[in-house]
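All heavy atoms count here, side chains included; hydrogens, waters and symmetry mates do not. To find a chain, count down the sequence lines: A is the first, B the second, and so on, and within it residues start at 1.
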Amino acid sequence: MEELKKEEKSLNFIEEIIEQDLKSGKNKSILTRFPPEPNGYLHIGHAKSICLNFGVAQKYGGKTNLRFDDTNPSTEEVEYVESIKTDLKWLGFSWANEFYASDYFDKLFEFALILIRKGLAYIDDSTAEEIASLKGTPTSPGKNNVYRSRSIEENEELFFGMKNGEFPEGSKTLRAKIDMASINMHMRDPILYRIKYANHHRTGDKWCIYPMYDFAHGQSDAIENITHSICTLEFVPHRELYNWYINKLELFPSKQYEFARLNLSYTIMSKRKLLQLVNEKHVAGWDDPRMPTLSGMRRRGYSSEAIIEFCDRIGIAKRENLIDVSLLEFCVREHLNKSAQRRMVVFDPVKVVITNWPKGKIDALTCENNPEDESAGFREIPFNGELFIEREDFMEAPPKKFFRLAVGKQVRLKSAYIITCNDIVKDSSGAIQEIHCTYVPESRSGSDTSGIKVQGTLHWVNSENSIAVQINQYDRLFKVENPSIEEGDFKNYINSESLNKVTAYAELSLLNSEVGQRFQFLRKGYYCLDKDSENKKLIFNRTVTLKDTWGQISLIDIG
RNA sequence: UGUCCGAUGGUGUAAUUGGCAACACGUCUGUUUUUGGUACAGAAGAGUCUAGGUUCGAGACCUAGUCGGACAACCA
């Protein structure tokens, strides 16, 4: 049944291309690659690309290489390399090979030499400004400069000079000799190599010239025999150049295909902007639970299963899109509902005293860990007749559809007894101090013979056997749906209330939880134990709330 | 005033390649429920950017237009 469903699911355009290529014999097998630049942490947008690249390879019996696109030493760091590998493993993908564009620096240098010798590349002494001014605009052609006609011998000699550190940074570049009047800006003599006296995270000080993206990416694909090089839409105009290099260099004919990147409502996906949030301390770090990074989402409590399911549901196409976060939230809830154990935690406590509870009696109640998963078993919770419930679960003047506690009303305490509210005690300011109830002895959970039907069930914690914990309640990082299209600085749209720390009272069993463990706090939401927790002080991150239909109704009814 | 890419319910993705638009999320109704969660049942919501054309028949093909995006870093 499951398989039938999968077979019925229509192919995305990438899968269609692959099936055609396999069918026509163009490719005997497929090889894809995931090519992150190690200049930041992976985010949910990368997850889409990862699921696509690894996903199609798995589906069609191929493999995927991990290749770090490390051609710009001034922004790239080992820390990022490590985080990327960690995130990839966490998602559950394994790569066939771990490569680096820098592995190919020697070959790339040779490739450049080939182009020079073919008269297809030249050394340009122009400044960046001069290059830009002769480049023209999308609607007007560029112009050739004097360096373009240098002899092959001179170009070769100068290129070695560049490599040997004979020229200052920025003084020379190696450019392809294509067509300064091309309708495609990327074909107007693109730069192949630039001089940079920077220490590279892998090659150290071996090189002082580094290839540009265009001169490295396609050739790296070709060297690895990548059959389908999948990237995002902004690279469409690069495709002509991608093919030009492979053609002139007579390399393996890797093909580039482009799909639309992921945009998520109320978040940003630009690595540059995310870095800014980190550097300027708007968030606690790359793994701040509000960040759309995989490390942030993991810390927040998102499961890899949920993220993969999300990537599967959003689909692959070529049109710009803005996915509603509610779909992501649906995916976490769906997975966590089945996998997370339930616990009881009271956020805003008010005391309930069971007036007919025998003095000193402690009843050990049995509580299911997850109604969606029998194998999750049970735990024991002590009950002593004095407890806390949520302040919002009691109302003095309840509206008709209020299924919770009020004077004269009955509710069930989850996994415990049905109680009847008789009275309330207020302090001098009129605030409710205690709620006095009586319990129905025959209504004990699991052996209820009372025959009483109640409309509501409340979560609670025992007044003595509970611990104070810190809860980090996270909300969306931005106030507007699409921060990147708003006027002005994106930071103007940061939600200043995206983190709200509160103290709550939790059942004792939570003391045994492990960092990263996910729970459903009954009637509240999903929470995950944060790594900053200490023995005495547990910190839970709110992943997402439960769906709250009453919250919506009460807003309308009560106002 | 250029080239390229795109346009299908609120959102996203489909439509077996030309046979009167489907699925999911979201929204709304009910049922069940010891979570106002979950599960289940159901409903509303687009006639496919516009105008022509080809065709017995067009969301799909052609032409023109409109709108949106990308392209002028020694970034990737």
Side-chain angles (χ1 to χ4, degrees), chain A residues 8-12 16 35-37 39 69-72 74-76 101 124 126-128 131-133 135-142 169-175 182-186 188 191-196 209-210 212-214 216-217 231-240 258 260 265 271-272 313-331 333-334 337-338 342 344 367-368 371-372 401-404 411-416 418 443 445-446 448 454-459 520-525 545-554:
Chain A
E8 276 172 14
K9 196 176 173 188
S10 56
L11 303 176
N12 64 50
E16 265 172 26
E37 184 191 8
N39 68 345
D69 230 330
D70 56 351
T71 56
N72 185 4
S74 34
T75 55
E76 295 153 5
D124 191 338
S126 308
T127 62
I131 289 178
S133 73
K135 195 133 201 173
T137 70
T139 53
S140 63
E169 198 162 305
S171 63
K172 282 181 170 48
T173 56
L174 177 69
R175 292 231 258 163
S182 172
I183 214 86
N184 182 346
M185 295 292 289
H186 295 275
R188 322 245 259 229
I191 292 171
L192 271 54
Y193 269 93
R194 76 285 214 189
I195 301 171
K196 250 182 203 286
I209 57 171
Y210 292 94
M212 298 291 288
Y213 165 84
D214 286 302
H217 200 95
C231 60
T232 46
L233 249 28
E234 62 269 30
F235 292 99
V236 169
H238 294 246
R239 190 171 61 229
E240 189 179 356
E258 313 86 8
S265 61
K271 269 202 271 184
R272 199 196 92 244
R313 282 173 181 262
I314 57 179
I316 300 294
K318 296 182 82 160
R319 70 185 89 118
E320 302 283 331
N321 58 78
L322 179 61
I323 312 275
D324 201 312
V325 276
S326 65
L327 180 62
L328 219 205
E329 294 178 345
F330 166 82
C331 292
R333 289 194 187 106
E334 186 187 44
N337 175 49
K338 295 200 176 85
R342 316 286 126 127
M344 293 201 281
C367 195
E368 66 198 348
E372 304 290 321
K401 285 194 175 168
F402 187 75
F403 299 156
R404 309 177 186 183
V411 294
R412 171 171 291 282
L413 294 174
K414 175 69 183 174
S415 296
I418 291 174
S443 67
S445 186
D448 184 353
V454 292
Q455 287 182 112
T457 298
L458 307 184
H459 65 280
Q520 182 195 106
F521 292 171
L522 231 61
R523 304 210 298 139
K524 286 303 212 175
T545 59
L546 250 30
K547 268 176 77 179
D548 183 13
T549 44
W550 168 249
Q552 293 168 20
I553 295 166
S554 62

Practice task
For A:Ala128, answer base if it contacts any base atom (sugar-phosphate contacts may also be present), sugar-phosphate if it contacts only those atoms, and nothing otherwise; contact means non-hydrogen atoms under 4.0 Å.
Solution key: base
Practice task
Determine the interatomic distance between C1' on B:rU48 and the same-named atom on B:rA43; round to the nearest Å.
Solution key: 23 Å
Problem - Any donor-acceptor N/O pair under 3.5 Å between B:rU35 base and A:Thr457 side chain - result: no
Practice task
Test for a donor-acceptor pair under 3.5 Å between the base of B:rA70 and the side chain of A:His238, counting only N and O atoms.
Solution key: no
Practice task
Name the nucleic acid region contacted by A:Leu327, choosing base, sugar-phosphate or nothing; use a 4.0 angstrom heavy-atom cut-off, strictly under.
Solution key: sugar-phosphate
Practice task
Report which part of the nucleic acid A:Thr549 touches: base, sugar-phosphate, or nothing (heavy-atom distance under 4.0 Å, all strands).
Solution key: sugar-phosphate
Practice task
Check every atom of B:rG6, B:rC4, B:rA76 against the side chain of A:Phe235 and return the nucleotide holding the closest atom.
Solution key: B:rA76
Problem - In B:rU32, glycosidic geometry as syn within 90° of 0 or anti otherwise - result: anti
Exercise for the section: Would you mind classifying the nucleic acid contact of A:Ile418 as base, sugar-phosphate or nothing, using non-hydrogen atoms under 4.0 angstrom? Expected result: nothing
Practice task
Establish whether the base of B:rG37 is bridged to the side chain of A:Glu372 by a donor-acceptor pair shorter than 3.5 Å.
Solution key: yes
Exercise for the section: Decide yes or no, distance alone: a donor-acceptor N/O pair under 3.5 angstrom between the base of B:rU35 and the side-chain of A:Arg523. Expected result: no
Exercise for the section: Check every strand shown and say whether A:Leu458 touches a base, only sugar-phosphate, or nothing at a heavy-atom separation below 4.0 Å. Expected result: nothing
Problem - Touch class at under 4.0 angstrom, heavy-atom based, for A:Asn184 against every strand present - result: nothing
Exercise for the section: Might you point out which heavy atoms bring A:Arg188 and A:Gly136 nearest each other, and give the distance in Å? Expected result: NH2-C, 3.7 Å
Exercise for the section: For the residue pair A:Asn184 and A:Ser182, confirm or rule out a side-chain donor-acceptor distance under 3.5 Å. Expected result: no
Practice task
For A:Pro371, answer base if it contacts any base atom (sugar-phosphate contacts may also be present), sugar-phosphate if it contacts only those atoms, and nothing otherwise; contact means non-hydrogen atoms under 4.0 Å.
Solution key: base
Completion exercise
B:rG47 glycosidic conformation (syn if within 90° of 0, otherwise anti) is syn
Problem - A:Ile314 side chain, from C-beta outward: closest of B:rC74, B:rA72, B:rG12 - result: B:rG12
Practice task
Just call it for A:Ser126: base, sugar-phosphate, or nothing, with non-hydrogen atoms closer than 4.0 Å on any strand.
Solution key: base
Handout entry: Sugar-phosphate only, base, or nothing, as touched by A:Lys338 at under 4.0 Å among non-hydrogen atoms
Key = nothing
Problem - Closest to side chain of A:Ile183, choosing from B:rG2, B:rG36, B:rA70 - result: B:rG2
Exercise for the section: For A:Tyr193, report the nucleic acid contact type (base, sugar-phosphate, nothing); a contact means any heavy atom under 4.0 Å. Expected result: nothing
Exercise for the section: Would you mind classifying the nucleic acid contact of A:Ser326 as base, sugar-phosphate or nothing, using non-hydrogen atoms under 4.0 angstrom? Expected result: sugar-phosphate
Practice task
Confirm from the modelled atom types if A:Gln520 and B:rU35 form a donor-acceptor pair under 3.5 Å, side chain to base only.
Solution key: yes
Exercise for the section: Under 4.0 Å between any heavy atoms, over every strand shown, what does A:Glu16 touch: base, sugar-phosphate, or nothing? Just pick one. Expected result: base
Practice task
Answer with base, sugar-phosphate or nothing: what part of the nucleic acid does A:Phe403 contact at a heavy-atom distance below 4.0 Å?
Solution key: base
Fill in the blank from the handout: Here the pair of heavy atoms bringing A:Thr71 nearest to A:Tyr213 is OG1-N, 4.4 Å
Problem - Base of B:rU8 paired with side chain of A:Arg319 (donor-acceptor, under 3.5 Å) - result: yes
Handout entry: B:rG36 base / A:Arg404 side chain donor-acceptor hit below 3.5 Å
Key = yes
Exercise for the section: Measure the shortest side-chain to side-chain distance between A:Arg342 and A:Glu368 over non-hydrogen atoms and say whether it is less than 4.5 angstrom. Expected result: no
Practice task
Determine the contact category for A:Ile323: base if any of its heavy atoms lies under 4.0 Å from a base atom, sugar-phosphate if only primed atoms, P, OP1 or OP2 are that close, otherwise nothing.
Solution key: sugar-phosphate
